[in-house]
Novice: 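For reference, the structure I am asking about is given below.
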Amino acid sequence: MTYRARHLLGIEPLHPVEIATLLDLADTYVDLNRQAVKQSDALKGLTQINMFFEASTRTQASFELAGKRLGADVMNMAMQASSIKKGETLIDTALTLNAMHPDLLVVRHPHSGAVDLLAQKVNCAVLNAGDGRHEHPTQALLDALTIRRAKGRLHRLNIAICGDIAHSRVARSNILLLGKMENRVRLIGPPTLMPSEVRDLGVEVYDDMREGLTGCDVVMMLRLQKERMDGGFIPSEREYYHRYGLDPEKLAFAKDDAIVMHPGPMNRGVEIDGILADDINRSVIQEQVEMGVAVRMAAMDLLARNLAAARQEGAA
Ligand code: NCD
């Protein structure tokens, strides 16, 4: 087997072969998910706990469905109502849950690095469902699968990631993954929304959409992460849409067959034109959601196999 990791905390440590292994397995789960009966027993008898310390609709639903389709017992912790409110630390919560013998912990947290820290304290597999501005590995993997299926390959493509790069873990994980697979990544957005380390990322940077989109195969839009801004990053949403919002006129600078992506949730009329987002000839936004379930099934399946192997080794 070519995927040996214990956790899925980020794209950074992954080798291109591991990424390809994950995507290949995810492809088989796409087929399963299109059947009338969507059941496998890859996670039968295992317990999956979802701990979301930040709001989530699609990621949490996607992890829950993925676990259930693989036969796991899935529990969603309502973190708003939990002991965290009473002042318990993240680590105490993790240790308490760990004592209940979960096999897979899926964690989203507003602080970068929190999920890595938690993974050091528990003896099950941990999946990062987004930590602060740091990483969101399953999002990058589902984006990669969507691109690979739409374009027939995942290398030597021109891919533009547009908008609020600075606050986006989706952008960070995608830049890492697409770079590892030897694509040309361009970042397009206002200088105020570019991360300070942008020059070290091996990407091209533009602040003009028309220039940046010229000749692109893939156009990935990002949500303005207002909850991570403390004012002053953009003049107004109207002005932002005018300069950086994706509409048919700006998209015309990309290749004729360029696909349009967005991780959701979308601000229609702020970063993307609503009609374009729904245009099934250009937009693969619904496919991204579909691929999300399959990618999470693949990731949890592989981690569960590694966990079983590690436990067997420990017992031997
Ligand atoms: C992203 C996230 O939470 O990082 N959404 C998602 O997982 N589908 C992007 C976002 O919130 O803008």
Side-chain angles (χ1 to χ4, degrees), residues 5-14 48-64 75-100 102 104-143 161 163-177 189 192-198 200-201 222-233 263-265 292 296 299-300 303:
R6 196 169 151 214
H7 306 293
L8 179 58
L9 300 175
I11 297 298
E12 191 152 32
L14 295 184
Q48 172 191 337
I49 302 182
N50 297 335
M51 293 167 77
F52 281 67
F53 295 89
E54 234 186 31
S56 170
T57 318
R58 76 208 73 222
T59 305
Q60 186 168 345
S62 181
F63 268 111
E64 183 176 352
M75 187 180 87
N76 288 310
M77 289 281 293
M79 298 319 298
Q80 266 77 10
S82 79
S83 296
I84 291 284
K85 279 263 183 274
K86 299 181 190 160
E88 189 173 82
T89 67
L90 170 69
I91 299 307
D92 281 335
T93 309
L95 292 177
T96 303
L97 288 176
N98 193 49
M100 299 180 194
L104 297 151
L105 264 185
V106 179
V107 188
R108 167 170 287 192
H109 198 279
H111 296 155
S112 306
V115 184
D116 290 52
L117 183 68
L118 188 145
Q120 294 164 21
K121 308 285 177 187
V122 297
N123 35 37
C124 61
V126 177
L127 292 102
N128 181 1
D131 65 321
R133 307 175 185 191
H134 177 227
E135 281 232 40
H136 191 353
T138 57
Q139 179 69 44
L141 288 161
L142 76 86
D143 289 336
I161 305 179
D164 184 359
I165 317 279
H167 300 104
S168 176
R169 54 198 176 207
V170 174
R172 234 185 96 77
S173 290
N174 264 301
I175 292 165
L176 291 167
L177 189 154
T192 48
L193 293 177
M194 283 294 160
S196 49
E197 76 277 14
V198 72
D200 310 326
L201 296 175
L222 298 171
R223 183 176 66 87
L224 272 183
Q225 308 259 315
K226 285 181 233 158
E227 73 277 23
R228 297 187 215 286
M229 296 180 192
D230 35 19
F233 285 90
R296 289 168 180 128
M300 291 197 290
L303 288 176

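Just so you know, these numbers come straight off a predicted model, no measurement behind them. Heads up: numbering here begins at 1 and tracks the sequence.
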Novice: The criterion is side chain to side chain contact (heavy atoms under 4.5 Å, CB included); which residues satisfy it with Ala125, sequence neighbours excluded?
Specialist: Leu104, Leu303
Novice: Is there a side-chain contact between Thr59 and Phe52 in this structure, where contact means two heavy atoms from C-beta onward sitting under 4.5 Å apart?
Specialist: yes
Novice: Determine whether Ile11 and Leu141 make a side-chain contact, defined as any pair of heavy atoms from C-beta on separated by less than 4.5 Å.
Specialist: yes
Novice: May I ask you to test the Leu224-Leu193 pair for a side-chain heavy-atom distance under 4.5 Å?
Specialist: yes
Novice: Heavy atoms only: give me the nearest Leu127-Ala299 pair and the separation to one decimal.
Specialist: CD2-CB, 4.0 Å
Novice: Partners of Arg223 by salt bridge (charged side-chain N to carboxylate O under 4.0 Å, His left out), sequence neighbours excluded?
Specialist: Glu227
Novice: Working to the nearest 0.5 angstrom, can you tell me the gap between Leu90 CG and Met51 CE?
Specialist: 6.0 Å
Novice: Restricting to non-hydrogen atoms, name the atom on Ser173 and the atom on Pro137 that form the minimum distance, rounded to 0.1 Å.
Specialist: OG-N, 3.8 Å
Novice: Taking all heavy atoms of Cys124 and all of Leu105, pick out the closest pair and write down the distance.
Specialist: SG-CG, 3.8 Å
Novice: Would you indicate whether the side-chain heavy atoms of Met100 and Met75 approach each other to under 4.5 Å?
Specialist: no
Novice: If every non-hydrogen atom of Met300 is compared with every non-hydrogen atom of Val106, which pair is closest and at what distance?
Specialist: SD-CG2, 4.5 Å
Novice: Under 6.0 Å from the ring centre and within 45 degrees of the ring axis: does the NZ or CZ of Arg296 meet both conditions for the six-membered ring of Phe63?
Specialist: yes
Novice: To the nearest 0.5 Å, how far apart are CD in Glu64 and CG in Asn76?
Specialist: 4.0 Å
Novice: Below 4.5 Å, heavy atoms only, C-beta onward: do Asp143 and Val170 meet side chain to side chain?
Specialist: yes
Novice: Any side chain to side chain donor-acceptor pair (under 3.5 Å) pairs touching residues 114-129, not counting sequence neighbours?
Specialist: Asn98-Asn123, Asn128-Asp131
Novice: Using salt bridge (charged side-chain N to carboxylate O under 4.0 Å, His left out) as the criterion, list what pairs up with Lys226, not counting sequence neighbours.
Specialist: Glu237
Novice: My understanding is that only residues two or more places apart in sequence, or in another chain, count here; which of them pass salt bridge (charged side-chain N to carboxylate O under 4.0 Å, His left out) with Arg228?
Specialist: Glu54
Novice: Going by ring pair (Phe, Tyr, Trp, His ring centres under 6.0 Å), name the pairs with one or both residues in residues 104-143, residues two or more places apart or in two chains.
Specialist: Phe53-His109, His109-His111
Novice: Between atom CD1 of Ile175 and atom CD1 of Ile161, what is the distance when rounded to the nearest 0.5 Å?
Specialist: 5.0 Å
Novice: Determine whether a donor-acceptor pair (N or O, by modelled atom type, separation under 3.5 Å) exists between the side chain of Arg133 and the backbone of His167.
Specialist: no
Novice: Within this structure, what is the CG-OG1 distance for the pair Leu118 and Thr93, rounded to the nearest 0.5 Å?
Specialist: 8.5 Å
Novice: What is the minimum heavy-atom distance between Val115 and Val107, and which atoms define it?
Specialist: CG2-O, 3.8 Å
Novice: On a heavy-atom basis, which atom in Glu135 and which in Arg172 lie closest, and how many Å separate them?
Specialist: CG-NE, 4.4 Å
